[in-house]
Amino acid sequence: MKFSIYRYDPEQDAKPYMKAYEVALDPHDRMLLDALIRLKAVDDTLSFRRSCREGVCGSDAMNINGKNGLACITNLRELAQPVVLKPLPGLPVIRDLIVDMSQFFKQYHSIKPYLVNDTPPPQKERLQSPADREELDGLYECILCACCSTACPSFWWNPDKFVGPAGLLQAYRFIADSRDLATNERLDNLNDPYRLFRCHSIMNCVDVCPKSLNPTRAIGKIKDILVRRAV
Amino acid sequence: MTTPVRQFDAVIVGAGGAGMRASLQLAAAGLNVAVLSKVFPTRSHTVAAQGGIGASLGNMSEDNWLWHMYDTIKGSDWLGDQDAIEYMCRMAPKVVYELEHFGMPFDRNADGTIYQRPFGGHSANFGEKPVQRACAAADRTGHALLHTLYQQNVRARTQFFVEWMALDLVRDADGDVLGVVALDMETGDVSVLQAKTTIFATGGAGRIFAASTNAFINTGDGLGMTARAGIPLEDMEFWQFHPTGVYGAGVLITEGVRGEGGILLNCNGERFMERYAPNLKDLASRDVVSRSMDQEIKEGRGCGPNKDHVMLKLDHLGPEVINKRLPSIREIAIKFANVDPIKEPIPVVPTIHYMMGGIPTNIHGQVVAPSASSSGGDPNAVVEGFFAVGECACVSVHGANRLGTNSLLDLIVFGRAAGDFIVAQNLPARAHKPLPKDAADRALARLAHIDAANGGESVAQVGADLRLAMQSHCGVFRNAVLLGEGVAKVMEIAERAKHVTITDKSRTFNTARVEAFELDNLVETAKATIVSAAAREESRGAQARSDFPLRDDVQWLKHTLWYSDGNRLDYKPVNLKPLSVDAFPPKSRTY
């Protein structure tokens, strides 16, 4: 199988370049990550992140034939050759396929991603109806891989000001939680021409999410709540 | 050039469930704490836990912690320490409620309480009938738990050192632990992180085997560092094979599938667990189910052209239950096995999943090791300044076989307990002990060795050979011949590992170098495992010896201690005395 992979080591390379690779696959090799591990066994300088290899840790997000995705759950047989692999777009490259995710996590942290409920907790669990709990489905499953935010033109242009789809999905996860008591503060924190309203519903986020989540819909719901709060 | 030194009250190595539960206690108490992790915290392997966290909340039917304690002791095949097991099971409801208060999105019952599902080996009334004790967030309980803990740590302003790898412990002449030497992976810089208390929460080491449910990062780093520092590892022969890893891929399929009603079938379509475990059937303990599956395959009743796996059937649960309770399982089966479990069964095989052994600790998380005095020394003398929690630790609540859902519980109970114990020591008021002059020498020498080596074998090749040797010689069924050959092979591979070469000489995010360091830790873990397994001449829990098929409580009701130096073995008694209730004396174990 043929690959063309973005290479850049700041200690050695004046600028990035694409390197051609070819590797014979084993019949058991199923996912793109299997091929990358095989390539790394031959060329140990090839650098990428990986961990769980089952699509739940979010380490191996990269740009695969022009589309963001996770290498560990991208089936090799569905990829056109040569497979072009690049780092996630819009973030500084540390080395090869490894990007600096500081800006992404800074935005995630900016939405206060934790339950706020300062009333004294009961002896047992806080009760929540199954219907209220279902409001969190499609939100809490986010793995923070950054596929969505780094596919979003609004995030490319304003990564310091626009929260981005991943952060906004989590902002809504806490707004939607019947146990959270900080909805007003959360809305105030987002009611800003950049933080929330840079989303123009381009929906790249929905297209690339490896967990099939829908940040655009969550963002729409936040906007709705803001409008309703205003009237 | 001198190595930079940074000082903290506490350094925690590992940001999974145990590390972040401990850090939360410390940060909330205002300690100056640093948490190191090879990966961003939410990428730690706790994220992959699926089925649930065990606690006798009694939300579905009557339950109590004493039944949970009995199930855990029986599951451990009586090798678990009963003081630690009592502590864990008694604390379970409290720590689960706390997780809920932190915002963890548990599934709910109609009355608003936390949903609980049945799980292997969990019973009501001392083995009488199955009980629903596994508190679940769909089949993503570990993900929900880990993200919740990270979120609370963000709130508590815990200081994380992301993509830092600890290389070695710092110990002084008194044997006290004074921190770690660590590598900043992005820059390649090495620092000494000096600490009044060092906590290892480095997780498991499933990557010593070729087929494992474990993540790539599970390389036994804490075990390697501990062993190199002269501290023994406990009960390392006990490795759990999870009955249901996806055939060919190794990816985990939660026991929650069987908890929700899934069943295992052989090639005749027979529900064979009825023969092996008439009472709990498919929900017997994992060691029992894995051995039964292996037996079916050995006797020619496996499925597929090579008759080398069995089938996990769940289509009869219906799309509603599968989509609501097991959505990720469906996703995994479609992606990794090409089957939609709503319509077809999933091909599965027993797959290495969990390490019952680890760094010996007491119930506060303090690392313990036999004191130096050769005769009559305390087998549980505290190593000052050193704690271990979670899978890397052996407290020992899992003994010879862990019950499903007790791993997440172990992380939270003992992460929290260690945190509280350390907070009570009032570290901020204490001065740092002086660092030994050679604090960073060993780690720096290892780094220099890796960077200078050339002409040797690759890390990938030596690692693959190690994994293959462990897989072939230390599997579900073991015997003296197989283990003896395995020990020789692993020792030979350990020699080869000293001479590996990497071609990547860059300082910037050098993952080849990280993998070379990881290989050292894998080697220590594999040696501990196979040497301990070869010595234990009995079958107990996950250690099944075809040449010693019975449990032998006269000779072997004791914990193994393995020392890296000379592959030396020692033993210490099992604590059969609970904290407050009557002991559960050993008896025969059937399900």
Side-chain angles (χ1 to χ4, degrees), chain A residues 9-12 28 30-31 37 40-59 73 75 94-96 98 100-101 105 109 112-117 121-130 132-133 136-137 140-144 173-174 177 179-180 211-212, chain B residues 39-40 42-45 47-48 57 93 96-98 100-103 105-115 137-138 140 142-144 147-148 150-152 154-155 186 215-217 248-249 251-252 328 331-332 335-336 458-461 464 502-504 506-512 515:
Chain A
D9 176 356
E11 289 177 31
Q12 319 207 0
H28 293 297
R30 183 178 184 87
M31 301 297 182
I37 302 285
K40 190 169 177 61
V42 179
D43 175 3
D44 70 17
T45 67
L46 177 62
S47 307
F48 52 92
R49 294 187 175 106
R50 85 286 179 268
S51 184
C52 76
R53 63 84 169 83
E54 59 190 54
V56 69
C57 81
S59 295
I73 51 172
N75 198 311
I94 297 173
R95 181 176 174 180
D96 297 348
I98 298 171
D100 179 351
M101 296 185 67
F105 287 120
H109 294 154
K112 297 198 164 65
Y114 42 80
L115 191 87
V116 175
N117 183 335
Q123 286 290 309
K124 296 186 167 185
E125 65 267 61
R126 288 197 163 97
L127 299 179
Q128 184 174 46
S129 73
D132 282 343
R133 167 59 184 78
L136 309 182
D137 285 343
Y140 81 92
E141 302 93 321
C142 173
I143 59 173
L144 301 175
R173 176 249 175 275
F174 289 101
D177 195 320
R179 302 168 294 174
D180 188 89
K211 305 310 282 183
S212 307
Chain B
V39 294
F40 184 78
T42 62
R43 318 216 188 287
S44 306
H45 194 53
V47 80
L57 307 186
V96 167
Y97 292 138
E98 270 178 358
E100 194 283 324
H101 300 155
F102 291 160
F106 285 108
D107 287 2
R108 300 292 173 149
N109 296 308
D111 64 0
T113 56
I114 294 170
Y115 167 73
R140 307 183 182 99
H143 171 282
H147 280 255
T148 300
Y150 178 67
Q151 292 158 1
Q152 288 298 317
V154 170
R155 187 178 200 184
E186 182 178 334
F216 282 103
I217 54 171
V251 176
L252 175 67
S328 297
E331 208 178 301
I332 286 170
K335 288 206 168 91
F336 287 94
S458 73
V459 172
Q461 185 59 53
I502 60 173
T503 56
D504 191 343
S506 174
R507 289 173 59 83
T508 306
F509 224 113
N510 187 332
T511 50
E515 289 181 24

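Keep in mind that this is a model prediction, so the values were computed, not measured. FYI, side chains are in, hydrogens and waters are out, and symmetry mates aren't considered; it's all heavy atoms of this structure.
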> Top residue by heavy-atom pair count (under 4.5 Å) with chain B, among A:Ala41, A:Cys52, A:Pro130?
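Result: the option with the highest number of such pairs is A:Pro130.
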
> Could you tell me the separation between the OH atom of B:Tyr150 and the OG atom of B:Ser44, rounded to the nearest 0.5 Å?
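Rounded to the nearest 0.5 Å, the OH-OG separation comes to 11.0 Å.
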
> I need the B:Asp504 CG to A:Arg95 CZ distance, nearest 0.5 Å.
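Rounded to the nearest 0.5 Å, the CG-CZ separation comes to 4.0 Å.
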
> Would you mind checking which part of A:Ile73 comes under 4.5 Å of any heavy atom in chain B, side chain (CB onward), backbone (N, CA, C, O), both or neither?
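Both backbone and side chain of A:Ile73 come within 4.5 Å of chain B.
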
> Roughly how far, to the nearest 0.5 Å, is the CG atom of A:Leu144 from the CZ atom of A:Phe105?
5.5 Å

> Evaluate the criterion side-chain contact (heavy atoms from CB on, under 4.5 Å) for residue pair A:Thr45 and A:Asp9; output intermediate values, then yes/no.
CA-CA 9 Å; A:Thr45 67; A:Asp9 176 356; over 6 Å; no

> Counting only non-hydrogen atoms closer than 4.5 Å, does A:Ile98 touch chain B with its backbone (N, CA, C, O), its side chain (CB onward), both, or neither?
side chain

> Please round to the nearest 0.5 Å and tell me the distance separating atom CZ of B:Phe509 and atom CD of B:Glu186.
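Output value for this atom pair is 7.0 Å.
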
> With chain A as the partner, which of B:Arg155, B:Glu515, B:Lys335 has the greatest number of non-hydrogen pairs under 4.5 Å?
B:Arg155

> Please state whether the side chain, the backbone, both or neither of B:Asn109 comes within less than 4.5 Å of a heavy atom of chain A.
backbone

> In terms of heavy-atom contacts, does NZ of A:Lys112 have more than 12 from other residues, nucleotides or ligands at under 6.0 Å?
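Incorrect, the count does not exceed 12.
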
> So what's closer than 4.5 Å to chain A heavy atoms on B:Phe216: side chain, backbone, both or neither?
both

> What part of B:Ala215 gets within 4.5 angstrom of chain A, counting heavy atoms only: side chain, backbone, both, or neither?
both

> Between B:His147 and chain A, which part of the residue has a heavy atom less than 4.5 Å away: side chain, backbone, both or neither?
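For B:His147, side-chain heavy atoms alone lie under 4.5 Å from chain A.
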
> Picking from A:Arg179, A:Arg126, A:Lys124, what satisfies side chain to side chain donor-acceptor pair (under 3.5 Å) with B:Glu100?
A:Arg179

> Within this structure, what is the OG1-CZ distance for the pair B:Thr113 and B:Phe106, rounded to the nearest 0.5 Å?
11.5 Å

> Where does B:Gln461 contact chain A at under 4.5 Å (heavy atoms): side chain, backbone, both or neither?
neither

> Could you tell me which portion of A:Lys40 (side chain, backbone, both or neither) has an atom closer than 4.5 angstrom to a non-hydrogen atom of chain B?
side chain

> Heavy-atom distance under 4.5 Å to chain B: side chain of A:Phe48, backbone, both or neither?
backbone

> Side chain, backbone, both or neither: which part of B:Phe40 has a heavy atom under 4.5 Å from chain A?
side chain

> Using non-hydrogen atoms only, which part of B:Ala249 is less than 4.5 Å away from chain A: side chain, backbone, both, or neither?
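Only the backbone of B:Ala249 comes within 4.5 Å of chain A.
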
> Under the 3.5 angstrom rule, does the side chain of A:Asp180 hit a backbone N or O of A:Leu115 as a donor-acceptor pair?
no

> For B:Thr148 versus B:Pro105, what's the shortest heavy-atom pair and its separation?
OG1-CD, 3.9 Å

> Count the heavy-atom pairs under 4.5 Å between each of B:Thr508, B:Val459, B:Ile217 and chain A, then report the option with the highest count.
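The candidate making the most pairs under 4.5 Å is B:Thr508.
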
> Find the distance between CD (B:Glu98) and CD (B:Gln152) and round it off to the nearest 0.5 Å.
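If we round to the nearest 0.5 Å, B:Glu98:CD and B:Gln152:CD are 10.5 Å apart.
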
> What part of B:Phe102 gets closer than 4.5 Å to chain A, counting heavy atoms only: side chain, backbone, both or neither?
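Only the backbone of B:Phe102 comes within 4.5 Å of chain A.
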
> Top residue by heavy-atom pair count (under 4.5 Å) with chain A, among B:Ala144, B:Ala512, B:Ala460, B:Gly103?
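That would be B:Gly103.
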
> Quick one: which of A:His109, A:Arg133, A:Arg53 has the most heavy-atom pairs under 4.5 Å with chain B, could you say?
A:Arg53

> Identify which of A:Arg50, A:Met101, A:His28 forms the greatest number of heavy-atom pairs closer than 4.5 Å to chain B.
A:Arg50

> Considering only heavy atoms, which portion of A:Glu141 lies under 4.5 Å from any heavy atom of chain B: side chain, backbone, both, or neither?
both

> Answer yes or no: is there a donor N or O on one side and an acceptor on the other, between the side chain of B:Arg43 and the main chain of A:Ile143, under 3.5 Å?
yes

